[in-house]
Amino acid sequence: MSVPGEYDRESSRSVFDYIRLYPEVLKHSFGEYDLIHVNYGLTAPIALAQPQLPVVLSLWGSDLTGRFGWLSERLAPYCDATIVMSHAMNERLDCDAHVIPHGVELDKFEPIGRSTAIDRVGWDPDVKHVLFPYGPDRAVKNYPRADRVVSAVADRLPDPVELQTVSGVAHAEMFEYMNAADCLLLTSRREGSPNVVKEAMACNLPVVSTDVGDVSERLENVDPSAVCRSDQELIDGLVEILRKDELSERSRVCDGTQ
């Protein structure tokens, strides 16, 4: 079941919407279920308020590192089990958690010829394409920083460079954009274990990213790639990768395991 009410990227559900969920949770807790699996920290109070069933809490990233992360931190110890996406998330909690990153569908995300992919997505083959796999309106992904970085990179390279924002595309089609791109750029303010990085790695697409979530762990020993802490590091890393014009080695960590 899901929290009632409507929301989008510009607005969020209200406290009242979460309270409205409680009668349904309470009713079902007396039914045939054996436990409650809570996906996202803000629903934890509702699950813990029912007296019948054990609670498993899955935290995704922003529900621990974002505005209401304090709530997830306080409630996780009261849950019977907690699942997080990365070791960094686990370190924020005062209880033991199971680190289970999401895996990647390797039958969908795999290398194909770049010229074939460019033809499919309709990009200019004579341009260096930097993939930003989100809409510009997602504040946590920090599009202005990505735009700023790519503009600076374009001033340092002889070839034209374009920042390609891709959103609203079916997940099954994203591998084509990853194979058409020259590099994935992730400028997120926070992440848990971003699947988009692992999917890019499965396509042999180089990645330049801010140091968020478990990205540094995933990109360890993957060349070319860069995990950065400043705009200048992002610019330098992207320039180096676009100049190399090489694919990265296929990930040994695509399924979330070392």
Side-chain angles (χ1 to χ4, degrees), residues 2 6-12 39-40 60-62 66 85 101-151 153-154 160-210 212-215 218-219 222 225 234 238 241-242 245 247-248 250-251 253-256:
S2 60
E6 297 182 359
Y7 76 104
D8 54 32
R9 289 173 183 166
E10 301 299 324
S11 62
S12 58
N39 277 280
Y40 206 70
W60 291 66
S62 62
M85 301 293 110
H102 290 163
V104 174
E105 297 179 87
L106 297 179
D107 58 336
K108 294 181 180 179
F109 287 86
E110 60 182 356
I112 62 174
R114 185 169 183 269
S115 59
T116 299
I118 283 180
D119 286 343
R120 291 181 184 177
V121 302
W123 289 352
D124 187 341
D126 297 320
V127 170
K128 298 288 187 182
H129 297 284
V130 179
L131 177 62
F132 183 81
Y134 310 102
D137 59 334
R138 296 189 62 181
V140 71
K141 305 303 182 183
N142 204 350
Y143 170 79
R145 188 178 197 182
D147 186 51
R148 185 168 67 244
V149 166
V150 171
S151 294
V153 168
V161 181
E162 288 187 10
L163 178 61
Q164 301 285 359
T165 60
V166 177
S167 63
V169 172
H171 186 250
E173 298 175 10
M174 277 302 299
F175 83 99
E176 295 181 342
Y177 291 90
M178 290 184 173
N179 278 282
D182 294 277
C183 186
L184 175 79
L185 177 61
L186 187 75
T187 52
S188 298
R189 295 184 170 92
R190 56 183 180 270
E191 293 280 356
S193 178
N195 259 32
V196 68
V197 170
K198 290 173 277 188
E199 290 165 350
M201 294 165 70
C203 294
N204 289 349
L205 176 65
V207 177
V208 172
S209 175
T210 48
V212 289
D214 65 351
V215 172
R218 297 290 160 231
L219 293 180
V222 175
S225 66
L234 289 166
L238 189 53
I241 285 174
L242 294 181
D245 194 24
L247 296 176
S248 68
R250 182 154 181 158
S251 170
V253 204
C254 291
D255 63 352

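Computed over heavy atoms, backbone and side chain alike; hydrogens, waters and symmetry mates excluded. The model shown is predicted, which means the values in this text are computed figures rather than measured ones.
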Side chain to side chain contact (heavy atoms under 4.5 Å, CB included) between Tyr134 and Leu186, worked out:
CA-CA 9 Å; Tyr134 310 102; Leu186 187 75; 3.5 Å; yes
In this structure, CD of Glu176 is separated from CD1 of Ile118 (nearest 0.5 Å) by 12.0 Å
(Q) Between Ile241 and Asp182, is the side chain to side chain contact (heavy atoms under 4.5 Å, CB included) condition met? List the steps. (A) CA-CA 8 Å; Ile241 285 174; Asp182 294 277; over 6 Å; no
When every non-hydrogen atom of Met201 is compared with those of Leu219, the smallest separation belongs to SD-CD2, 3.7 Å
Closest non-hydrogen atoms of Lys108 and Phe175, given as atom of the first, atom of the second and distance, are O-CG, 3.3 Å
Open item on the list: Donor-acceptor check, side chain of Lys198 to backbone of Arg218, threshold 3.5 angstrom: yes or no?
Closed with: no
CD1 (Ile112) and CE (Met178) are apart, to the nearest 0.5 Å, by 12.0 Å
Here the gap from Met85 atom CE to Asp214 atom CG, rounded to the nearest 0.5 Å, amounts to 9.5 Å
message = Using a 3.5 Å distance criterion without hydrogens, assess whether the side chain of Thr187 forms a donor-acceptor pair with backbone atoms of Asn142.
response = yes
Distance col, row Asp124:CG vs His129:NE2, nearest 0.5 angstrom, shows 5.5 Å
Closest non-hydrogen atoms of Val212 and Arg189, given as atom of the first, atom of the second and distance, are CG1-O, 3.8 Å
Between Pro125 and Arg114 the two heavy atoms that sit nearest each other are O-NH1, 4.3 Å
Between Pro101 and Ser193, the two heavy atoms sitting closest are CB-OG, 3.7 Å
query = Once the angle between the rings of Tyr143 and Phe132 is folded into 0 to 90°, is it parallel (under 30°), tilted (30 to 60°) or perpendicular (over 60°)?
reply = perpendicular
field: Residues Lys141, Glu191: salt bridge by 4.0 Å N-O rule
entry: yes
In terms of heavy-atom contacts, Asn179 and Glu110 come closest through ND2-O, 3.0 Å
Exercise. Would you find a donor on one side and an acceptor on the other, under 3.5 Å apart, between the side chain of Thr210 and the backbone of Ser188?
Worked result: yes
Rounding to 0.5 Å, atoms OG (Ser209) and CG (Leu238) come to a distance of 12.0 Å
Separation between CZ (Arg148) and CG (Leu163), nearest 0.5 Å, reads 12.0 Å
- Criterion side chain to side chain contact (heavy atoms under 4.5 Å, CB included) on Tyr177 and Gln164, from CA distance to verdict: CA-CA 9 Å; Tyr177 291 90; Gln164 301 285 359; over 6 Å; no
**OP:** Give the intermediate values and the outcome of side chain to side chain contact (heavy atoms under 4.5 Å, CB included) for residues Arg145 and Leu234.
**Re:** CA-CA 10 Å; Arg145 188 178 197 182; Leu234 289 166; 3.6 Å; yes
